[in-house]
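Written below as structure tokens is the structure these notes are about.
Lettering follows sequence order; numbering is per chain, from 1.
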Number of protein chains: 4
Amino acid sequence: MRKARDGESTKEAVLTAAKQVFAERGFAGSSLAMISKKCGISDGLILHHYKNKQNLYHEVLEDLAKGYLETVFKTGQESHTQEQMIDDVLRATFKFWSEDTIYNRISLWAFLENQTELLEKETNITASLTAVVGQMQMDGKADPRVDPVTLLTMTIGPIHFWTRYRNQFKETLQLDGTIEELNQSFLEQFLILIQKVYQVENKTSTEKESE
Amino acid sequence: MRKARDGESTKEAVLTAAKQVFAERGFAGSSLAMISKKCGISDGLILHHYKNKQNLYHEVLEDLAKGYLETVFKTGQESHTQEQMIDDVLRATFKFWSEDTIYNRISLWAFLENQTELLEKETNITASLTAVVGQMQMDGKADPRVDPVTLLTMTIGPIHFWTRYRNQFKETLQLDGTIEELNQSFLEQFLILIQKVYQVENKTSTEKESE
Amino acid sequence: MRKARDGESTKEAVLTAAKQVFAERGFAGSSLAMISKKCGISDGLILHHYKNKQNLYHEVLEDLAKGYLETVFKTGQESHTQEQMIDDVLRATFKFWSEDTIYNRISLWAFLENQTELLEKETNITASLTAVVGQMQMDGKADPRVDPVTLLTMTIGPIHFWTRYRNQFKETLQLDGTIEELNQSFLEQFLILIQKVYQVENKTSTEKESE
Amino acid sequence: MRKARDGESTKEAVLTAAKQVFAERGFAGSSLAMISKKCGISDGLILHHYKNKQNLYHEVLEDLAKGYLETVFKTGQESHTQEQMIDDVLRATFKFWSEDTIYNRISLWAFLENQTELLEKETNITASLTAVVGQMQMDGKADPRVDPVTLLTMTIGPIHFWTRYRNQFKETLQLDGTIEELNQSFLEQFLILIQKVYQVENKTSTEKESE
DNA sequence: TATGAATGAGGGTTCATTCAT
DNA sequence: GATGAATGAACCCTCATTCAT
């Protein structure tokens, strides 16, 4: 295989294989042999390009973080209104977490392995979203009674939870439809509920007061 | 140390140590040596009691699952009303995920390692809660427009998310207070929001009816 | 081979084999495989007993140093007069350096590899001998014009030099006799010369003065 | 660096770097990477010029031997009298072993590694000096009772010994002065003592004459 | 001449597991 | 029940060497 003496392409092939293997078995559970075998090269060549197993892992995390940032942030910046932006970002986030199982899993592994790089990037995004939510609260477009970070936790938490348990749910609850269909259906319902979370309760309180 | 020729107590000591080590580093990242060292016995003795590293892990998972089930279910069965039960279960769940970092982490590891035992138990609980939520919907006490499982995802998802990211949030957003205080504050706000999620939109229906 | 489950004897067998291999090829040039093969055990067992290649080397050095100290010091303490002691120590030192090629070589390796343990022990001996030589100078039994350490260097240096080059000398100069015979002959001549080195030059100076 | 497409200068740069690295860590302990890094070229280029690690080492040894021969022999040939020559050669030898730590160390490494090239060259020099000493004995200028090779061993041995242990001596015996000063002081004292070694025992001859 | 991609062997070390005691 | 001697496989990594460019 891979006899092409092209360092750059080899390096990328290694990175791709590494992502898959690390996603499947985590850092400790993966061996360089698994990766090298997966891309048809010798054991030592990985270290020729990446020096360390640890270093390779770092580069994998970095690459994934870059992808995440690009996906989620680009989405947000093209939106015109705040509401639109939230909706866009939510759909993008959902899509990302829902579909990119490699990112999804490696993010979890890295968290457990105390490899905080990815975690920090993710938190940064959430943090920058809190500013938006805070603004929405001041504009009367989001429930002002709670911290923005709580609102965001209510928003993104279910997405993570769903991607983690959906397969098990499908099995245990004998849900009909493919995972894609279930995903779609969940997303629609989720968007309904999340609206209620953000909704400012002025009428109700007014009415209550008036009662 | 641990000269007490008491097989049963040794076995339990191993289990306790194993939980801690596995929680910290996962299955692949843990070695029997770490565990045996932690409880002051020889390497071989673990295998005398548990036969396998894998087997030991299974027993750890089983033991944790048992604890989880007991904690969450007992809580539910002592409640008198549905609303009370939901509230009790939520608080118990939050407490459990929030505080029992060993369970918390091992549950994650096991998920990633495709060790589905714990996952199944957890899903079973959620599944059995869907029945309750379904009943609430029929009683007009929960938003009937979405699947019960979606409602539960909205409920438990944020709790998981919070326990995973709270440390990072504290750091990045420079939140004041100890983690315990932040936990408490999050829980209060969360309960406010989750109420809105469940709330039946009677006003809307009234308005609709009036049309 | 070596199926005897006797840790202590195994440990010693490893030490013996290690001495030989390290003497032959130095630390960097030796592999644990060479040693384990030499005493018919598995690779890992060495590390079970000695934890580290480095650690094993340390223990080898320590053991050799102990032997050296015992040999040379015991000799000295049984002597009755200073002259006797010097003669005894010299013969013992010569014998040691001449015959114990393992010590001889490992001492050199360790010096080059900046493993100073042995060097320090050897220096300590020389240092303690300087006291004796100093006393001899004060008693008029050793040339008082030079430092004791210079005298000792003149004494031991040739012994080291001889053991290092004797084989080559035998070949190049086509010396007759076995190495043992050459050794013996060298020792006798050496003892004649070394006496001259120590000799106090009183007559000469007297004669000179009388002139 | 070192972009000069000048094969010859590159080759020499490699040789210089190799000497340093080999002197520091011996053959087994040195890697081509260390050397190539030291002179800022690629790994493969060394082998382009020297074909082998072993071969490179050979060339290093050869080059060092050449230098040694030139230094010591040139010295001898410019002297006018035998006594002068011995003194000159001694001072040159002392200077060489004392200062050229690279030669010094590599000579030791090579000895231990059974790489006899250097050893042979050194022995050749000593051998050719035995002729001079033998002549001196016949001329009544050197103690005739011992073999010339023994006399030479008494002469050069202390120099080697001193260069090997001087640092340790300085430390252990807490000698004052820099190493250069200690060297100088040792040399002066050594020359005094070595004279006594060579000295023909005239008293004896007086007695003989009186017979 | 010079680079660096690629290999494969070997090295030190960890580790689960077996087994005699 | 408990220890620790012993094994063998696997792992990460180094390194000399080859070879295409």
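Proximity note for B:K53 (side chain, C-beta onward) versus E:dG12, F:dA6, E:dA16: the nearest is E:dA16.
Residue A:D43 is classed as having no contact, given no heavy-atom separation below 4.0 Å to the nucleic acid. Using a 4.0 Å heavy-atom criterion, one finds that D:S42 contacts the bases of the nucleic acid, with or without backbone contacts as well. Within the nucleic acid shown, A:L47 comes within 4.0 Å of at least one base atom, counting heavy atoms only. Counting any heavy atom pair closer than 4.0 Å across all strands shown, B:S30 reaches sugar-phosphate atoms only and no base atom.
Contact check, D:T10 against E:dA2: a side-chain N or O comes under 4.0 Å of OP1 or OP2. Phosphate contact (OP1/OP2 of E:dA5, side-chain N/O of A:H48, threshold under 4.0 Å): present. Within the structure, every side-chain polar atom (N or O) of C:N52 is placed at least 4.0 Å from both OP1 and OP2 of E:dG12. Listed pair C:H49 / F:dG4 fails the phosphate criterion, with no side-chain N or O lying under 4.0 Å from OP1 or OP2. Side-chain nitrogen and oxygen atoms of C:S31 include none within less than 4.0 Å of the OP1 or OP2 phosphate oxygen of E:dG10.
D:S107 approaches D:E122 most closely through the heavy-atom pair OG-OE2, 2.8 Å. A:K121 and A:A65 make their closest contact through CG-CB, 3.8 Å (heavy atoms, listed as atom of the first residue, atom of the second, distance).
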Original post:
Taking only Watson-Crick and G-U wobble pairs with both distances under 3.5 Å, what dot-bracket line describes DNA chain E, where [ ] shows pairs that cross earlier ones and | shows pairs with another strand?
Top reply: .||||||||||||||||||||

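For the ring-ring contact (aromatic ring centres under 6.0 Å, His included) test, no residue two or more places apart in sequence or in another chain qualifies with B:F111.
Sorted by first and then second residue, the ring-ring contact (aromatic ring centres under 6.0 Å, His included) pairs involving residues 34-66 of chain A (not counting sequence neighbours) are A:F22-A:Y57, A:F27-A:Y57.
Heavy-atom contacts from other residues, nucleotides or ligands closer than 6.0 Å to CD of A:Q54 number more than 12.
Taking atom NZ of D:K11 as the reference point, atom P of E:dT1 lies 9 Å away to the nearest angstrom.
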